[in-house]
Number of protein chains: 2
Amino acid sequence: MLNLFDTLRVYFSSEKKLQHSLKNLLGFYPGNIELYKQAFRHRSVCKDKKQPNNERLEFLGDAVISAIVGDYLFMRFPLKDEGFLTKMRSRIVSRSRHNQVAKKLGINLFVEINGESGMRNSSVNGDAFEALIGAIYLDKGYETTRKFFVERIISSHLDMEEIEQKETDFKSKIIELAQKEKVSFEFRIKEEIGQGMDKQFLVELIFNNEIKGSGQHYSKKRAEQMAAEEAIERIGNGQ
Amino acid sequence: MLNLFDTLRVYFSSEKKLQHSLKNLLGFYPGNIELYKQAFRHRSVCKDKKQPNNERLEFLGDAVISAIVGDYLFMRFPLKDEGFLTKMRSRIVSRSRHNQVAKKLGINLFVEINGESGMRNSSVNGDAFEALIGAIYLDKGYETTRKFFVERIISSHLDMEEIEQKETDFKSKIIELAQKEKVSFEFRIKEEIGQGMDKQFLVELIFNNEIKGSGQHYSKKRAEQMAAEEAIERIGNGQ
């Protein structure tokens, strides 16, 4: 059994390790490390309210990312109209894009998650990435967050020309893929969430008898596209 | 006819006047005044591309407002979950709310607009308000913008308790109002904008034979609610 001294030693050494890993990830040492721990904590591991999960930070990070990406696009494309800027931003600030980026950064190595409940939700890492941005914002302020995002995310991992030319009709791609592989697929409305003006469709894509993607939106067609986009990403990764 | 000297004098005196008016509005002197002029310039007055309108700044300002309001709510409600925060933000960052705020600030006195084409669109002032936030962000940076927004908008013009308890079923209110005033009303789909997953409904509310509001959304019901909200605001103002 560990005595108090050992417990503290283990605690501080794991803390120190986290600090170093975060320095590698972020390019700077974290100030308030509790914020980063919270950013990586999926709700499946929270027993009570004393251990907050990452959902509030995700709310904050998502909005901060939109502002940063908006600023970046505004500056990078001085002659393009707001329609172009809006389209580009929606391609950059998307769930599947955040999942990709999270994977490249190795966010999954930091995420605390509890088996089953987490594994089913494929956007866990993308959500943690958004929460991480919220944590940086609270810890270091907007300007540091902006620099981190532009230098470590946009410049390192996003190809603007590719994004500009990106084909966004993922449903057509699924149809092609199914014909090529001679398998069946089906978009299934799993649930209608909310009522009246809040009603959104939760759509699942069953491809070759497996659920390969899901999407949720006010527009059923848009929810299908989201599900198709996720499925293409997963099929491409051999999942 | 004015000679060059007079022209310059008039130009600089009007410039000076604008600077002072902006100082009153913002609480600080503008740096790059061209940004503010652009923020107030509706596309109806732009003859060519040399005179950019305010739509790009509106794109930027809208995202900056979301981040600032997200930060504010995160801090103000430390124990509320992200569902609550999202709901509150969508009530604060809404077109009708921005129109209201713009009116209180007197943004309409600054807006450059060309007759007809502008008057029909009732969100001109709210759009200019969002563009103004974009201009402040570019001119002074995020932190000054945040302080301006929290001190001059949220603290001065928004009642959080009222917003929290706000009734958001505007359609029911319209039905009530129509019964009380014994007039007819109709939600009319004016246009389906975009196709497939991009399709949005542009809905108009005709109340007592006049177009009183419009809304655009992927969800027809949500577009109706937006139209109803705008109509209630206008009817309340005797318009």
Side-chain angles (χ1 to χ4, degrees), chain A residues 43 49 52-71 73-75 77-87 89 93 134 137-138 141-143 145-146 168-171 194-201 215 217-226 228, chain B residues 43 49 52-71 73-75 77-87 89 93 134 137-138 141-143 145-146 168-171 194-201 215 217-226 228:
Chain A
R43 71 183 136 76
K49 291 227 165 175
N53 66 36
N54 64 6
E55 291 174 350
R56 278 170 48 90
L57 284 172
E58 186 193 333
F59 159 85
L60 183 59
D62 180 52
V64 170
I65 292 172
S66 271
I68 290 169
V69 172
D71 173 340
L73 294 170
F74 187 95
M75 293 302 184
F77 300 102
L79 299 175
K80 297 283 192 178
D81 68 16
E82 78 297 347
F84 174 87
L85 301 176
T86 303
K87 187 183 73 186
R89 186 170 57 198
V93 186
Y137 172 84
L138 290 178
Y142 180 84
E143 202 39 39
T145 315
R146 197 186 63 75
T168 54
D169 185 0
F170 301 103
K171 239 172 115 174
Q195 290 195 318
M197 69 160 172
D198 291 320
K199 190 171 86 173
Q200 294 193 33
F201 297 94
H217 203 272
Y218 298 103
S219 152
K220 198 167 69 184
K221 289 213 168 107
R222 199 165 263 260
E224 287 173 354
Q225 285 287 354
M226 291 163 84
Chain B
R43 70 183 137 76
K49 290 225 165 175
N53 65 37
N54 64 6
E55 291 174 352
R56 278 169 49 88
L57 285 172
E58 185 193 334
F59 160 84
L60 183 60
D62 180 51
V64 170
I65 293 172
S66 270
I68 291 170
V69 172
D71 173 340
L73 293 170
F74 188 96
M75 295 301 185
F77 300 102
L79 300 175
K80 296 285 191 177
D81 69 16
E82 79 296 347
F84 174 86
L85 301 177
T86 302
K87 186 183 73 186
R89 186 169 58 198
V93 186
Y137 172 83
L138 291 177
Y142 181 83
E143 202 38 40
T145 316
R146 197 187 63 75
T168 55
D169 184 0
F170 300 104
K171 239 171 114 174
Q195 289 196 319
M197 70 161 172
D198 290 320
K199 190 172 87 175
Q200 295 194 32
F201 297 94
H217 203 272
Y218 298 103
S219 153
K220 198 168 68 184
K221 289 214 168 106
R222 198 164 264 260
E224 288 173 354
Q225 286 286 353
M226 290 162 84

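All chains are named by letter (A, B, ...) in the order of the sequence lines, taking the proteins before the strands, and each is independently numbered beginning at 1.
- When side chains are defined from C-beta on, B:His217 counts as touching A:Tyr218, because their heavy atoms get closer than 4.5 Å.
- Within the 4.5 angstrom heavy-atom criterion, no atom of B:Phe84 approaches chain A.
- Listed options B:Leu73, B:Asp71, B:Leu138 were ranked by heavy-atom pairs under 4.5 angstrom with chain A; first place goes to B:Asp71.
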Can you list, pair by pair, the side-chain donor-acceptor contacts under 3.5 Å of residues 56-70 of chain A, counting residues two or more places apart and other chains?
residue: A:Arg56; atom: NH1; partner: B:Phe77; partner atom: O; Å: 2.7
residue: A:Arg56; atom: NH1; partner: B:Lys80; partner atom: O; Å: 2.8
residue: A:Arg56; atom: NH2; partner: B:Phe74; partner atom: O; Å: 2.8

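- Contact count versus chain A (heavy atoms, under 4.5 Å) is highest, among B:Pro78, B:Ala223, B:Ser219, for B:Pro78.
- For the options B:Lys221, B:Glu224, B:Arg222, heavy-atom pairs under 4.5 Å to chain A are most numerous at B:Arg222.
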